[in-house]
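Structure record follows, encoded as structure tokens.
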Amino acid sequence: MSNWINELYTLPTWKKYSQSGEEGYINHILSNIKPKNKHIVDLGAWDGFHLSNSRYFIENGYTASLVDGDNRGNKEVHQEFITKENICLILSLLNTPATFDLLCIDLDGNDYYILDEILKSYNPSVVVAEFNPIFSPDQSYAIKYNPDHTWQNNDYYGFSFLAGIKLAEKYDYTCIFQNASLNMYFVCNKVLAESLNVNMEDLRDHIPQINYKVEQYHPHSNRPSSDWELIE
């Protein structure tokens, strides 16, 4: 069986709703793993259309649990300010299955802690998570948890690439790809090994090295280093 992960680097770029062609990468991943129930959880879904990583799939037969603190009037998106304390209750109220195909998370804030909480109770096959590219590959940081945090249009948000790698490994996921120094793509190790037809112990040998470019997409926040949490 060919290593479909390598093909992510040569895919034609296309998008309908997403910011940087995420739909194409997600579609390729989902097409190469065994489907669960064609359900998506999208946290930070905006109005369900603008810069959406999930809308294309909803239009193609997926069901979804969409959540945002401001749904811009689209009642299809559950309007709730998400914290690590309430996320599992929100997902339960939305009848989210414990196992599902895709989780997208882009909250511009406490993403690390909320994702950590979700993965304690839920088992998505694929996770697409925004990371903060201001950090070099050897730096493992997330913002300090603050349930009242709101993004101030600067670079104080989220978590570094290495912190994301560590979080993925904590729950038996592997990061297989990143795009545009914006999103990390995790796949459940069991699902990944099955898709590649390899043994779990040999899985690492089939994952290409992932590189990204350090980027300053937003103005510097001038926050002290003590406002960042070191992720061990």
Heavy-atom pair with the smallest gap, counting every atom of [X] and [Y]:
| X | Y | answer |
| --- | --- | --- |
| S125 | I33 | CB-CD1, 3.9 Å |
| N6 | P208 | OD1-CG, 3.1 Å |
| M200 | A193 | SD-CB, 3.7 Å |
| G44 | L107 | N-CD2, 3.5 Å |
| A45 | D68 | N-OD2, 3.2 Å |
| S20 | L182 | OG-CD1, 3.4 Å |

Are [Y] and [X] co-members of a hydrophobic cluster defined by side-chain heavy atoms under 4.5 Å apart?
| X | Y | answer |
| --- | --- | --- |
| M184 | L11 | yes |
| L230 | L162 | no |
| V77 | F49 | no |
| I105 | Y112 | yes |
| V128 | Y212 | yes |

Side-chain touch [X]/[Y], heavy atoms, less than 4.5 angstrom:
| X | Y | value |
| --- | --- | --- |
| C175 | F131 | no |
| I29 | L8 | yes |
| F57 | N27 | yes |
| I143 | W228 | yes |
| I134 | Y217 | no |
| L167 | L115 | yes |
| N132 | Y141 | no |
| K166 | S140 | yes |

Looking at [atom1] of [X] and [atom2] of [Y], how far apart are the two atoms once the value is rounded to the nearest 0.5 Å?
| X | Y | atom1 | atom2 | answer |
| --- | --- | --- | --- | --- |
| I176 | I207 | CD1 | CD1 | 6.5 Å |
| N110 | K144 | CG | NZ | 13.0 Å |
| D172 | F186 | CG | CZ | 13.0 Å |
| L102 | N53 | CG | CG | 8.0 Å |
| I40 | Y56 | CD1 | OH | 11.0 Å |
| I58 | Y17 | CD1 | OH | 9.5 Å |

query: Sub-3.5 Å donor-acceptor pair from the side chain of T13 to the main-chain atoms of G21, do we have one?
result: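 No: the side chain of T13 does not pair with the backbone of G21.
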
- request: Spell out, as yes or no, whether a donor-acceptor pair under 3.5 Å connects the side chain of S195 to the backbone of L192.
  value: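 Answer holds: yes.
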
- prompt: Tell me the side-chain hydrogen bond (donor to acceptor under 3.5 Å, both in side chains) pairs involving residues 183-192, sequence neighbours left out?
  reply: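 Found E22-N183, T174-N189, N179-Y185.
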
State which residues pass ring-ring contact (aromatic ring centres under 6.0 Å, His included) with [X]; sequence neighbours excluded, sorted by chain then number.
| X | answer |
| --- | --- |
| Y145 | Y113 |
| Y171 | none |
| H218 | W151, Y157 |
| Y25 | F177 |

query: Which residues pass the salt bridge (charged side-chain N to carboxylate O under 4.0 Å, His left out) test with E169, sequence neighbours left out?
result: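 Once residues adjacent in sequence are excluded, the partners of E169 under the salt bridge (charged side-chain N to carboxylate O under 4.0 Å, His left out) criterion are R204.
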
field: Those residues that, when tested against E76, pass salt bridge (charged side-chain N to carboxylate O under 4.0 Å, His left out) (two or more places apart)
entry: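 In terms of salt bridge (charged side-chain N to carboxylate O under 4.0 Å, His left out), with neighbours along the sequence ignored, E76 is linked to R55.
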
Kindly state each residue pair satisfying salt bridge (charged side-chain N to carboxylate O under 4.0 Å, His left out) with at least one member in [range], sequence neighbours excluded.
| range | value |
| --- | --- |
| residues 25-51 | none |
| residues 101-111 | none |
| residues 117-137 | E117-K120 |

Do [X] and [Y] have side-chain atoms, one donor and one acceptor, less than 3.5 Å apart?
| X | Y | answer |
| --- | --- | --- |
| Q216 | D155 | yes |
| E7 | T10 | no |
| S18 | E23 | yes |

- prompt: Linking Ile, Leu, Val, Met, Phe, Trp and Tyr through side-chain heavy atoms less than 4.5 Å apart, which residues share a cluster with W46?
  reply: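 Its cluster partners, ordered by chain and number, are none at all.
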
Side chains of residues 86-97: which donor-acceptor pairs under 3.5 Å do they make with residues two or more places apart or in other chains?
unit_1 : atom_1 : unit_2 : atom_2 : d
N86    : OD1    : T83    : N      : 2.9
N86    : OD1    : T83    : OG1    : 3.4
N86    : ND2    : F81    : O      : 2.9
T96    : OG1    : S65    : OG     : 3.0
T96    : OG1    : L91    : O      : 2.9

message: Apply side chain to side chain contact (heavy atoms under 4.5 Å, CB included) to residues D70 and Q79 and explain how you reach the verdict.
response: CA-CA 6 Å; D70 181 1; Q79 185 163 297; 3.9 Å; yes

message: Check the orientation of Y156 and H149. Use parallel for under 30°, tilted for 30 to 60°, and perpendicular for over 60°.
response: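 Because their plane-to-plane angle is over 60°, the rings of Y156 and H149 count as perpendicular.
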
query: How far apart are the C-alpha atoms of F161 and F135, what are their side-chain angles, what is the distance that settles it, and do they pass the ring-ring contact (aromatic ring centres under 6.0 Å, His included) test?
result: CA-CA 7 Å; F161 187 83; F135 295 98; over 10 Å; no

- request: Please assess I26 against V126 for the test side chain to side chain contact (heavy atoms under 4.5 Å, CB included), listing each intermediate value before the final yes or no.
  value: CA-CA 9 Å; I26 295 169; V126 181; 5.8 Å; no

